[in-house]
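I have placed the structure first, in the form of structure tokens, so that the comments after it can refer back to it.
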Amino acid sequence: MSDIHGQYDMFLEILKKIDFKDEDTLYVLGDVLDRGPNPIKVLLKLMEMPNAICLVGNHEYMAIECLTFLLKEVTDRALEELDFKTLENLVTWQYNGAKSTIDEFRALSVEMQEEVIEFIKDFSIYEELEVNGKEYLLVHAGLCNFEPDKDIEDYSLHDLVWKRAEYDRQYYEDKIVITGHTPTQMIENNPNPGFVYKKNNHLGIDCGAYLPEGRLAAVCLETGEEFYSSVNTTEE
Ligand SMILES: [Mn+2]
């Protein structure tokens, strides 16, 4: 799954649809936070799931510095330490739908706030998998500044979590790149906008859970099955 964006009900609905069990592994490809109503609630649920592996999205990246700042007591000293960079981060994050995350975060005890931050800091940047002899690379956004022989470790965080994948380009011949970040509604020449995108050894799984008429998707790598939540009925 990817880009849950605070859609707790859709998340539970999908877990039920995929009949998620202890022996399964769930990969969440980032952007759990922001936009939708219950991002921290989704995060707390994931914290209780030892077989869920979370990858960092640009929204977690924006959140992490800001949440650390918000954790501090507001004193004159803390305000003095508010440098331009932090301020810029706060503004960017706010602009990107941080409100629901901040509201729910503030309602937590300080202990839970610290646990949430530690949990997010543990998110992976990418995952490599082999399922039924097929290779997969899982990453939030894409492989910006792609070079066929470049080691994944040599990409910058920005290249992997912010810059959009080039869906009309096949990155690898023998490896499928699974990404979120770009709702499939926004992929050019996509015959099935709003559903999982499968082309050029790409698997685009962000089906726009936060968008009106969008949905949360899950793909089973063992069977290729696709699962969808009910559509988002909130209006723009
Ligand atoms: Mn994203």
Side-chain angles (χ1 to χ4, degrees), residues 1-8 10-11 14 26-43 46 52-67 88-102 104-105 116 119-127 136-146 152 155-167 169 171 177-188 190 193-197 202-219 229 232 234 236:
M1 289 185 206
S2 190
D3 296 74
I4 301 169
H5 278 307
Q7 300 291 349
Y8 184 72
M10 288 184 188
F11 180 53
I14 285 256
L26 173 69
Y27 291 88
V28 175
L29 272 66
D31 285 3
V32 172
L33 299 178
D34 302 344
R35 303 200 198 278
N38 302 111
I40 298 292
K41 209 167 163 186
V42 178
L43 208 67
L46 286 165
I53 296 173
C54 296
L55 277 69
V56 63
N58 54 309
H59 285 263
E60 282 77 39
Y61 178 78
M62 286 185 278
I64 201 73
E65 264 183 273
C66 298
L67 290 179
E88 200 179 48
N89 287 342
L90 279 163
V91 171
T92 308
W93 189 34
Q94 195 71 39
Y95 182 75
N96 279 284
K99 191 182 182 306
S100 55
T101 305
I102 293 173
E104 281 195 321
F105 183 78
V116 160
F119 181 66
I120 301 173
K121 280 184 179 166
D122 272 346
F123 282 18
S124 322
I125 294 166
Y126 65 90
E127 290 285 335
Y136 297 90
L137 172 63
L138 285 58
V139 64
H140 177 64
L143 294 168
C144 188
N145 294 309
F146 176 77
I152 181 77
Y155 289 86
S156 73
L157 191 58
H158 195 258
D159 286 347
L160 302 177
V161 312
W162 273 104
K163 304 296 276 184
R164 297 193 189 284
E166 298 152 281
Y167 290 100
R169 174 182 187 183
Y171 290 130
V177 180
I178 312 182
T179 46
H181 189 56
T182 303
T184 64
Q185 288 90 329
M186 294 172 191
I187 297 175
E188 243 177 275
N190 179 7
F195 295 88
V196 168
Y197 179 86
H202 278 281
L203 197 53
I205 62 169
D206 174 4
C207 295
Y210 78 89
L211 298 169
E213 302 296 310
R215 52 186 73 71
L216 185 62
V219 179
S229 72
N232 188 331
T234 53
E236 212 150 7

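If you read the sequence from its start, that first residue is 1, and numbering goes on from there. Counting starts at 1 for both ligands and their atoms, following the listed order.
Relative ring orientation between Y171 and F146 is described as tilted, the plane-to-plane angle lying within the 30° to 60° band.
Here N58 meets the criterion, with an N, O or S atom under 2.8 Å of the Mn ion (ligand 1). Among the atoms of H59, no N, O or S atom is found under 2.8 Å from the Mn ion (ligand 1). For the Mn ion (ligand 1), the set of nearby N, O or S atoms under 2.8 Å includes one belonging to D31.
Of the candidates K99, Q94, H59, H59 is the only one forming a side-chain hydrogen bond (donor to acceptor under 3.5 Å, both in side chains) with D34.
Between the side chains of T184 and Y167, no donor-acceptor pair of N or O atoms lies under 3.5 Å.
The 12-atom threshold is exceeded at CD of E88, counting heavy atoms of other residues, nucleotides or ligands nearer than 6.0 Å.
For the Mn ion (ligand 1), the nearest N, O or S atom contributed by H181 is named ND1.
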